[in-house]
Amino acid sequence: MQLADKYSPELIEQKWYDFWIENNLFHSEPDAREPYTIVIPPPNVTGMLHMGHMLNNTLQDVLVRRARMQGKNACWVPGTDHASIATEAKVVAKLKAEGIDKASLTREEFLKHAWEWKEKHGGIILQQLRKLGASCDWERTCFTMDEERSASVLKVFVDLYNKGRIYRGVRMVNWDPSAQTALSDEEVIYKESQGKLYYLRYMIEGSDKYIVVATTRPETILGDTALCVNPNDERYKDLPADARVIVPLVGRSIPVIRDEYVDLEFGTGALKVTPAHDVNDYMLGEKYGLEAIDIFNDNGTINDKVGMYVGVDRFECRKVIEGDLTAAGLMEKVEPYTNNVGYSERTGVAIEPKLSMQWFLSMEELAKPATAAVLEDVIKFVPTKYKNTYRHWMENIKDWCISRQLWWGHRIPAYYMPKGGYVVAETAEEALRLAQEKDASITMADLRQDEDVLDTWFSSWLWPISVFDGIRNPNNPEIEYYYPTNDLVTGPDIIFFWIARMIMAGYEWRNEKPFSNVYFTGIVRDKLGRKMSKQLGNSPDPLDLIAKYGADGMRIAMLMSASAGNDVMFDEALCEQGRNFCNKIWNAYRLVNMWEVDATIAQPEASKQAITWFDEVMLERIERINHLMAQYRISEAFTELYRLFWDDFSGWYLEMVKPAYQAPIDAKTLASTKHYFDQLLRLMHPFMPFVTEEIWQDLKPEGEVKSIVVAEQPKAEREANAAIIARFGLAQEVISAIRNIRKQKNIAQKEALALNYIADENYPAEFEAVIVKMGNIKEVATVVEKDPTAAAFIVKTTQYFVPMEGNIDKEAELKKLGDDLTYYEGFLSSVMKKLSNERFVSSAPEKVVANERAKQADAEAKIAALKAQIAALQ
RNA sequence: GGGAGCAUAGCUCAGCUGGUUCAGAGCAUCUGCCUUACAAGCAGAGGGUCAGGGGUUCGAAUCCCUUUGCUCCCACCA
């Protein structure tokens, strides 16, 4: 095959992806092999691929491809999430842009639009994943709102309801006035916000005195139903027990109550109580039987309950009321104030605490086995630091508000009967049957299904089970085979939303963990450490990067910087490095590929020696990579490969076996070289699938499988011989020293040099041919005398001389030797200090002491050699 | 307010149970090379008081305490 001198990913990536799909290499069916399963964290169905997905899916693909090559039955299940609130918001915005108000549509009409939107944009993200090379089993693609998954959700809801875990009630919930739905606690993000603290005067009834109350939300005075002070507060000691105050502007008379909840230190020690709009006030309201006056409409404007500021937005109202209070002389003062305000994760608007009727899931029982599983490492977290976070949340778990006042999602399967009461059932027919048990006269037309849908996470928490239909058919062969899954790769930001709940669901419906390991990725940031965001415009389009550097280049960029749990500082330069590495592999293959074999020539000694060494290197690195991968040190495992291929294989091995220009190569060396190349490609394939497949297809041995995707991963059959590697290291140092001499003396590589040495046990005679070839040495000889006219160097204890015919700078040589001598003398003295220390020798382990003694011997020999050279020069 | 984590070369990070010439890698920088696989390359070089302070130890980047700086998570103080 004739190869271009640059690797061009754009010419081959699509070809091989198509090839993999045509040959069905990513598809899995249960069989006798050990399964290896990953379920994808389903991205939002109408979302676009961003850098976070790149990182996450690259890592998953590495794990899956490696498992597949290790002979496991690898199954990576892809899919998308319906993302209830996010998708509904997008559809609402799209309709608005077309001049259609959601409120003007029926549920059915809206859902029609939503499904159209989903059909149009849905799955784009999965197409994008193919560009990355993701080896998902696309035949298994799931959607959280497809028929199977929807049925699973309803089944689970009914099951929990029947177990008494789901209840319905009026509670204070987080209300999103933009999406106009309740949210779970996890969907609220608290941020420090600059606000004001307003000091309002509440006139005491029947007096011209007043009590000053500090509040950040003066507009909520409309809903005030009490004023509260601490019973121990001296300032309010004289206030009669039945004192009442007048709500400013509103004129309503409210009682003054006393409760130790009120902080004496804050503000004036007086608290206005608005039970409908503050969680704490709500609890006070419950305790003292106060009325809760809800003053807001669902969209955050003031309603007509009080008859003031009707229809005005809550923030606008705050401004207006500030003016009105000031005008009325009821504003004591206003101070700047920083406080924590909750914002909706999805729509970004400030959350309004609101009393409303919602569905809740009681979590306490669910949490128990799930907490234990992680604490006892039945499920391992990588890195482990997230165990703490998890434990804390699980041990303080609160009930989950699962209802959302949206249309896009799984509609709650509760059916209300005309005379009150409701039934919960998976189907309308079943609901009717249940209803008729209570009242035989009820017909289908009488039943009214709950309008709300379920929280998105109420479907995704079933994901590892539901993708194998394990909710509806708990004994089906697929779930039995693939579950529990092996690894979950995701971000720590969804540890509560998703991971914790999947674990709970796993134990609830399978009585088994959903996965064995959770690998937490970091957040992808730009090189300045900023989060990538649309607003900053610092988020590159991953597809552009793939087009520019190739999918492999992109994957390498992600791998280079991604140690588990650490944020990724993304820099486009890393993509370039990735691309360069692909090119390196490509060119190495070009070299090997152009060699002509001549079966008649004998194997050169240097090649034999190179092979002796490289056999051990391969063994050592495979072992190391296996070890790193077992610890999920994926980035480091890749670095090992990078250096193995670039430095050891290309930089050393290929150079050692490379025949002279246009000279043929012997058959043995070529066979070994191709074997190494084959092994290296297999090792690298999980990390960089495209370039490895392209080359492997050309290189692969006769009778091999049709794709590297299913080729066997190399194994380390025995332990590497460390002594060989160490001895070769001496030869490398000799070569390096010769190169240095050439550089210093400005001697071209083409010019052959002579090399003399004083023989001792540290001379790597078994790699002499390599030294000769790599150093371009015309002859090697042992000498007994030092040669003052030669450029000299020492490796370990062996003295070497490159004759220079007097062309040496004596002063410079002496200085260099002197510097070395100083260093080694210092080194020796520090070693001696240790060895002469009685306590060191007696308390340090034997191995360490032996090591120090070896250091001593080496240093002494080295010093002797240096001194000899210095003497010879002088 | 509570908790967790981080701080090592200009940048991004390794450094595992305290002990190997332990102070490392990649990138960047500098020097020399368009050497017939690769300039997307090759051969070299410089660069760190391991955040500051204290302690434990024969021995500390590593363990403990403390100060400073940063990050994240949790929490209803109006």
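Note that the structure is a prediction, hence the values are computed from the model and not measured. Protein chains get the first letters and strands the later ones, always in sequence-line order, with residue 1 at the start of each. Atom set for the values below is all heavy atoms of this structure, side chains included, hydrogens, waters and symmetry mates excluded.
- When the C1' atom of B:rC77 is taken as reference, atom OH of A:Y190 falls 12 Å away, rounded to whole Å.
- Closest to the side chain of A:F840, out of B:rG19, B:rA78, B:rC74, is B:rG19.
- Residues A:Y386 and A:F381 keep their aromatic ring centres 6.0 Å or farther apart.
- Put simply, A:N580 has a side-chain N or O that comes within less than 4.0 Å of OP1 or OP2 on B:rG41.
- Here A:F649 and A:F677 bring their ring centres to under 6.0 angstrom of each other.
- For A:Y337, a side-chain nitrogen or oxygen approaches OP1 or OP2 of B:rA78 to under 4.0 Å.
- The side chain of A:R839 places an N or O atom within less than 4.0 Å of a non-bridging phosphate oxygen (OP1 or OP2) of B:rC58.
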Test side chain to side chain contact (heavy atoms under 4.5 Å, CB included) on A:T798 and A:L730 and set out the steps.
-> CA-CA 10 Å; A:T798 315; A:L730 296 173; over 6 Å; no

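- Considering only side-chain N and O atoms, A:K743 lies nowhere under 4.0 angstrom from the phosphate OP1 or OP2 of B:rU31.
- Side chain A:E655 to base B:rA37: a donor-acceptor pair is found below 3.5 Å.
- Ion pair A:R318/A:E322 not flagged as a salt bridge, since none of the NZ, NE, NH1 or NH2 atoms sits closer than 4.0 Å to an Asp/Glu carboxylate oxygen.
- Using a 4.0 Å heavy-atom cutoff across all strands shown, A:R739 reaches sugar-phosphate atoms only and no base atom.
- On a pure distance criterion of 3.5 Å, no polar donor-acceptor pair joins the side chain of A:K834 and the base of B:rC58.
- For A:V848, the listed nucleotide lying nearest its side chain is B:rG19; candidates were B:rG41, B:rG19, B:rC27.
- Across all strands, A:S561 comes closer than 4.0 Å to no nucleic acid atom at all (heavy-atom distances).
- Using a 4.0 Å heavy-atom distance criterion, A:A573 is classed as making no nucleic acid contact.
- For the OP1/OP2 pair of B:rC42 and a distance below 4.0 Å, the side-chain nitrogens and oxygens of A:W646 include at least one atom meeting the criterion.
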